[in-house]
Q: 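Okay, here's the structure, questions in a sec.
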Amino acid sequence: MLAIHNINKSFGGLHAVKDCSFMAEQGKITALIGPNGAGKTTAFNIISGTLRPDSGEVHLEGKPITGMHPHKITRRGMSRTFQISRNFEDLTVLENLIAQSQYRGLRNLFKPAISSSEEEKAMEMLEFLNISRLAREEARSLSYGQKKLMDLAALLMSNPKMILLDEPAGGVNPTLLATIVDHINELNKRGLTVLIVEHNMNLVMEISHKVVVMAYGTVIAEGDPHTIQDDPAVLEAYLGGGQTDD
């Protein structure tokens, strides 16, 4: 589904990502992990189109998307969440789902604010995530975990084939995290391909089919969770320290 070939990205003299390559298999959950400063976030941003690589290629379903604008990547079938929810605080949950799913540019200026079909679809997504009761609540009134669920619902509005989740466990209480995990697993069972950047190793080991480990900007190991957790290079990367930024 997704293939990253030798991507590189530098900021001044800092090589954030260096000759990074890995693949995410269709219909599977792949986790991208690594210590702070490993380059995960930079790689994630390059994949999703929010950053352009200095070199290298990103392919979705065998077609190049390198450097493509995020809304065009969404049209190709891949959408992402962010570590910090990017919602409109003054809008309701329902309005947020519709506003965040509209990626058709200037054509939206000639449409009604909310069409009946959009509202119906948004309610369907909220019902799937068991938060339809929040549809008319302003986003500012939601808990951090509820905002994560709203972001996931907004992501699904574009009918993606693949979703990128940026630390879905971050700042979420254990009960709500279990709910989020259940939803991710259900979406995957329905055929959705998932790529996760995550620090919660318990979640990674529980949910992933494949784990890709980065350190110092490049991939140092990849494989199933059980293989990765005993890999000497992975243990050294996490225990060795020395990396401070993501």
Side-chain angles (χ1 to χ4, degrees), residues 1-11 16-17 19-30 32 39-88 91 94-115 117-119 121-122 124-125 148 150-168 184 187-188 190-197 212 214 246:
M1 175 63 78
L2 179 72
I4 294 87
H5 301 288
N6 298 103
I7 58 173
N8 289 273
K9 184 65 179 179
S10 296
F11 300 97
V17 175
D19 295 326
C20 179
S21 300
F22 66 89
M23 295 185 182
E25 186 178 344
Q26 184 173 356
K28 303 293 185 181
I29 300 175
T30 301
L32 182 61
K40 306 182 300 296
T41 299
T42 300
F44 212 60
N45 288 337
I46 289 171
I47 293 166
S48 64
T50 56
L51 270 181
R52 284 179 174 268
D54 297 329
S55 62
E57 296 184 347
V58 181
H59 288 81
L60 180 65
E61 294 187 300
K63 299 179 180 179
I65 59 169
T66 317
M68 191 176 288
H69 291 298
H71 70 277
K72 292 185 177 180
I73 292 176
T74 299
R75 290 177 185 171
R76 291 285 188 93
M78 184 169 69
S79 298
R80 71 166 287 182
T81 63
F82 291 84
Q83 184 178 350
I84 299 174
S85 182
R86 297 188 173 188
N87 57 73
F88 301 102
L91 298 185
L94 184 69
E95 290 167 340
N96 261 283
L97 260 64
I98 294 169
Q100 293 181 50
S101 68
Q102 293 179 340
Y103 51 84
R104 293 179 291 272
L106 292 175
R107 279 180 288 174
N108 283 327
L109 295 176
F110 303 99
K111 293 182 56 189
I114 297 179
S115 69
S117 61
E118 285 174 326
E119 182 170 350
K121 184 174 184 179
E124 181 183 332
M125 296 301 101
K148 291 267 189 177
M150 180 181 67
D151 291 343
L152 181 56
L155 200 68
L156 299 176
M157 288 286 289
S158 63
N159 296 320
K161 302 173 185 177
M162 180 173 188
I163 58 175
L164 312 181
L165 303 179
D166 193 352
E167 297 201 27
I184 294 172
L187 289 167
N188 179 243
R190 296 184 181 190
L192 199 62
T193 304
V194 184
L195 176 64
I196 300 178
V197 168
V212 177
M214 291 185 67
D246 215 15

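Values below: all heavy atoms of this structure, side chains included; hydrogens, waters and symmetry mates excluded.
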Q: Looking at every heavy atom in both L165 and T81, which two are closest together, and how far apart are they?
A: CA-OG1, 3.4 Å
Q: Drop me the distance from T42's OG1 to K9's NZ, to the nearest 0.5 angstrom.
A: 9.0 Å
Q: List the atom of C20, the atom of M214, and the distance in Å for their closest heavy-atom pair.
A: SG-CE, 3.9 Å
Q: Compare all side-chain heavy atoms of V17 with those of P53 and state whether any distance is below 4.5 angstrom.
A: no
Q: For N8, check side-chain hydrogen bond (donor to acceptor under 3.5 Å, both in side chains) against everything at least two apart and list the hits.
A: D19, S55
Q: Looking only at heavy atoms, which two atoms of A99 and L91 are closest? And how far apart?
A: CB-CD1, 4.3 Å
Q: Nearest 0.5 angstrom please: L152 CG to S79 OG, how far?
A: 11.0 Å
Q: Mark yes when over 12 heavy atoms from residues, nucleotides or ligands other than K161 sit less than 6.0 Å from its NZ; otherwise mark no.
A: no
Q: Output the distance between atom CD (E167) and atom CZ (F44), rounded to the nearest 0.5 Å.
A: 9.5 Å
Q: Do V194 and L187 have side-chain heavy atoms sitting under 4.5 Å apart?
A: no
Q: For M23, is the CE atom crowded, meaning more than 12 foreign heavy atoms sit under 6.0 Å from it?
A: no
Q: Within this structure, what is the CG-CZ distance for the pair L195 and F22, rounded to the nearest 0.5 Å?
A: 5.5 Å
Q: Using side-chain hydrogen bond (donor to acceptor under 3.5 Å, both in side chains) as the criterion, list what pairs up with Q26, not counting sequence neighbours.
A: none
Q: To the nearest 0.5 angstrom, please state how far the CG atom of L60 sits from the CE atom of M1.
A: 6.5 Å
Q: Quick one: pull up CD in E25 and CG in L2 and give me the separation to the nearest 0.5 Å.
A: 12.0 Å
Q: According to side-chain hydrogen bond (donor to acceptor under 3.5 Å, both in side chains), who are the partners of S10, at least two apart in sequence or on a separate chain?
A: H15
Q: State, with a plain yes or no, whether a side-chain heavy atom of T50 is found less than 4.5 Å away from one of R80.
A: yes
Q: Ignoring hydrogens, what is the shortest heavy-atom contact between M68 and I73? Give both atom names and the distance.
A: O-CD1, 3.5 Å
Q: What pair of heavy atoms forms the shortest contact from M157 to A122, and how long is it?
A: SD-CA, 3.5 Å
Q: Checking the side chain of N188 only, and the main-chain atoms of G27 only, is there a donor and an acceptor separated by less than 3.5 Å?
A: yes
Q: Got K121 and N159 here, is their nearest side-chain heavy-atom distance under 4.5 Å?
A: yes
Q: What verdict does the side-chain contact (heavy atoms from CB on, under 4.5 Å) test give for M150 and L97, after you've listed the backbone C-alpha separation in whole Å, the side-chain angles of each residue and the deciding distance to 0.1 Å?
A: CA-CA 7 Å; M150 180 181 67; L97 260 64; 3.7 Å; yes
Q: Below 4.5 Å, heavy atoms only, C-beta onward: do I7 and T66 meet side chain to side chain?
A: no
Q: Tell me the closest heavy-atom pair linking G67 and R52, and the distance in Å.
A: O-NH2, 3.1 Å
